[in-house]
Amino acid sequence: MLRSVKGLKDILPQQASQWQHIEMVARTMATQYGFSEIRIPIFEFTELYSRSIGGTTDIVEKEMYTFPDRDGSSLTLRPEGTAGVVRAVLEHKLLDSPTARKLFYLGPMFRHERPQAGRYRQFHQFGVEALGTDDPLIDVEVIVLLWQFFLTLGLMDLTLHVNSIGTPDDREVYIQKLKEFLEPRLNILCGNCQRRYLTNPLRILDCKVPVCQKSTEGAPTLINYLSDKSKTHFQAVLDGLSALEIPYSINHRLVRGLDYYSRTTFEITSPHLGAQSTIGAGGRYDGLFHALQGPPTPAIGFAVGLERVTLLLSEEISSKKVPLFFVAGFGVIGKPQAFKLLHELRQAGIRADTDHKGKTLKALLRSADKLRAEYAIILGDDEVNSENAILRNMQTKAQEIVKLKEIIQRIQTGY
RNA sequence: GUGGGUGUAGCUCAGUUGGUUAGAGCGCCGGGUUGUGGUCCCGGAGGUCGCGGGUUCGAAACCCGUCACUCACCCCA
């Protein structure tokens with residue numbers, strides 16, 4: 001049997017209403033906060049991602065779906081949204097906005113990872129980007145939008161972690177100090193961390209191996225090595241969150257994985273998801289525009305993993321109930337007449353359906369029941385001969401005989 | 001890329017120390033009601049026991065291999 005590709009999932013009709021609900025909340029809230037939707041391509045030139053995300057990150061090194069175009073140029077399915085948004089903003093010169101340029105997107109991303117709970121090879125993100133200002137209040141706005149988005153969906157027990165990882169200059173000083181601290185303990189760290197010591201020492205801070213966690217206790221914290229400017233910015237963000245009574249916890253071990261992040265970083269976790277507990281995360285990326293040969297432009301954004309959100313939502317999302325009228329037509333003249341009536345009902349804007357397989361009235365009513373129709377319209381040869389139809393309320397079993405010609409009017413006025 | 005767990009009907013799962021025709025519940029189809037659904041009663045369809053090889057008189061079960069799914073590491077949303 002033909003199967004879907006590993007790590008890809010079908011969203012079946014049962015679940016689709018849940019997705020529609022999440023997407024509706026995302027669009028509504030982003031719009032309320034002053035963000036406009038942008039729709040960017042699913043693939044870009046590979047160079048865009050290798051230059052923005054960082055050449056030594058796992059995403060670029062081994063997780064991208066990269067393939068040659070027919071002319072030989074290298075293309076990549078987007079592994080995240082920020083790079084494409086920034087590219088589009090630069091290409092279409094969207095930065096001359098008097099205020100910050102605030103954009104949001106919604107759609108699939110692709111990373112070739114080993115699938116597991118809450119992690120897929122094609123997954124969906126809702127993300128926002130606020131471009132062109134480094135006022136700490138825009139940081140607050142973005143974080144609050146993320147927080148409120150989850151609250152609006154009804155998610156429980158969430159934790160907002162915030163941190164500042166400083167500017168690249170700040171980090172250089174700090175990493176030096178961190179390495180000095182770790183050097184005497186290097187031989188007791190896990191194998192991964194020994195490697196990280198050389199490639200990305202910051203990551204050792206959020207290693208889950210107990211030995212490593214213990215070894216980094218008492219390590220110098222990045223906060224103490226921030227420049228005055230970064231420190232002031234971070235404090236202003238915290239004050240802004242407090243003023244709006246958004247609960248947060250400062251997490252000095254919170255390090256973002258993509259190279260373009262700087263200063264404010266944040267993520268929201270849930271304790272109900274197993275290993276992949278982060279449902280939304282983001283941060284400031286003041287250096288990204290420059291890396292993509294644009295004018296220096298401060299920016300901040302977040303991305304939400306929508307599959308993880310669906311795992312936290314209860315199954316049932318009650319969609320608005322539009323009553324369904326089931327046309328039960330049978331018999332030599334009843335069936336064709338019923339098909340015509342079905343067409344007329346739909347043209348009148350009435351939600352209507354039938355079951356072409358059902359031959360007997362019994363089978364038809366059973367189908368009506370399975371489709372959870374509110375009403376059945378029974379139309380057999382007898383009814384057609386007398387130019388009537390029977391309108392049956394499936395819940396109360398109440399039936400009334402209605403003139404065929406008047407049935408649409410009867411439905412539109414009475415129900 | 002590394003490690004663990006699991007593969008039996010459309011779905012969820014039983015299946016005894018290896019034993020003869022592989023089961024249940026739900027779902028599906030039909031009958032009980034020649035033109036009235038859900039509940040109830042009765043019946044039916046549906047299976048290469050993931051796949052390949054081996055051990056054995058005999059394998060869904062034991063062994064080896066392989067594939068798939070899944071969880072975790074890694075990484076990240």
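Letters A, B, ... mirror the listed sequences (proteins, then strands); counts begin at 1.
One can place CE of A/Met64 at 18 Å from P of B/C75, the figure rounded to the nearest angstrom. One can place CG of A/Leu160 at 16 Å from P of B/A77, the figure rounded to the nearest angstrom. If you take CZ of A/Arg121 and P of B/C75, they are 18 Å apart, rounded to a whole angstrom. Whole-Å rounding puts the A/Tyr65 OH to B/C76 C1' distance at 15 Å. The nearest whole Å value for the distance from the CG atom in A/Leu364 to the P atom in B/G30 is 10 Å. Distance CD1 (A/Ile268) to C1' (B/C76): 16 Å, rounded to an integer number of Å. Remark: C1' of B/U36 and CG of A/Asp369 are 12 Å apart, rounded to the nearest angstrom. Between the CD1 atom of A/Ile204 and the P atom of B/C75 there is a distance of 11 Å, given to the nearest Å.
Counting distance only, with no hydrogens placed and no angle test, the side-chain atoms of A/Arg366 and the base atoms of B/C28 include no donor-acceptor pair under 3.5 Å. Side-chain to base pairing of A/Gln116 with B/C74: one donor and one acceptor N or O lie within less than 3.5 Å of each other.
Nucleotide B/U48 forms a pair with no other nucleotide shown, judged by Watson-Crick or G-U wobble geometry with both contacts under 3.5 Å. Across all strands shown, B/U39 has no partner, as no Watson-Crick or G-U wobble contact with both distances under 3.5 Å is found. In a base pair of the Watson-Crick type (N1 to N3 plus N6-O4 or O6-N4) or a G-U wobble (N1-O2 and O6-N3), with each distance short of 3.5 Å, B/G27 is matched with no nucleotide. Under the Watson-Crick and G-U wobble criteria, each requiring two contacts below 3.5 Å, nucleotide B/U20 is left unpaired. The pairing partner recorded for B/G3 is B/C71, the criterion being a Watson-Crick or G-U wobble arrangement whose two distances lie under 3.5 angstrom. Under the Watson-Crick or G-U wobble criterion, with both distances below 3.5 Å, B/C62 is paired with B/G54.
Evaluated for a side-chain contact (heavy atoms from CB on, under 4.5 Å) with A/Ile143, the options A/Ile268, A/Val237, A/Leu244, A/Ile138 yield exactly one hit, A/Val237.
Nearest nucleotide to the side chain of A/Glu63, out of B/U36, B/C75, B/A72: B/C75. If you check B/A77, B/G35, B/A72 against the side chain of A/Leu361, the one that comes closest is B/G35.
Stacking between A/Phe123 and the base of B/A77 is present: ring centres sit under 5.5 Å apart and the planes differ by under 30 degrees.
No contact: A/Phe126 has no heavy atom under 4.0 Å from any strand. Using a 4.0 Å heavy-atom criterion, one finds that A/Lys370 contacts the sugar-phosphate atoms exclusively. When heavy atoms are screened at a 4.0 angstrom cut-off, A/Leu306 is found touching no nucleic acid atom at all. A/Ala368 comes within 4.0 angstrom of no nucleic acid atom, judged by non-hydrogen atoms across all strands. In this structure, A/Tyr120 reaches the bases: a heavy-atom distance under 4.0 Å links it to at least one base atom across the strands shown.
With both ends at atom C1', the span from B/G30 to B/G37 equals 15 Å, rounded to whole Å. Separating the P atom of B/C71 from that of B/A24 is a span of 31 Å, rounded to the nearest Å. Comparing B/G27 with B/G38, their P atoms are spaced 12 Å from each other, to the whole Å. Rounded to a whole angstrom, the distance from the C1' atom of B/U16 to that of B/G23 is 14 Å.
A salt bridge is absent between A/Lys357 and A/Asp355; no separation between the charged side-chain nitrogens and carboxylate oxygens falls under 4.0 Å. With salt bridges taken as basic N to acidic carboxylate O contacts below 4.0 Å, one links A/Arg346 and A/Asp353. The existence of a salt bridge linking A/Arg39 and A/Glu37 is confirmed by a sub-4.0 Å separation between a basic side-chain nitrogen and an acidic carboxylate oxygen. Ion pairing of A/Glu44 with A/Arg78 is absent here, as no side-chain N (NZ or NE/NH1/NH2) approaches a carboxylate O to less than 4.0 Å. Remark: A/Arg410 engages A/Glu400 in a salt bridge, criterion side-chain N to carboxylate O under 4.0 Å.
Checked by atom type, the side-chain pair A/Thr66/A/Thr76 shows a donor-acceptor distance below 3.5 Å. A donor and an acceptor atom, one from each side chain of A/Asp134 and A/His233, are nowhere located under 3.5 Å apart.
Residue A/Gln276 places none of its side-chain N or O atoms closer than 4.0 Å to OP1 or OP2 of B/C76.
Using a 30° and 60° split on the angle between ring planes, A/Tyr225 and A/Tyr174 fall in the tilted class, from 30° to 60°.
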Fill in: Protein-to-nucleotide contact annotation, 5' to 3' order, nucleotides 1-7 of chain B [B base; S sugar-phosphate only; - none; under 4.0 Å, heavy atom]
BBB----
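With the nearest nucleotide of RNA chain B identified for both A/Gly282 and A/Ser4, A/Ser4 has the one nearer the 5' end. The nearest heavy atom of RNA chain B to A/Glu307 and to A/Lys397 marks one nucleotide each, and the one closer to the 5' end goes with A/Lys397.
Taking the centre and axis of the six-membered ring of A/Phe35, the NZ or CZ atom of A/Lys102 falls inside the cone set by 45° and 6.0 Å.
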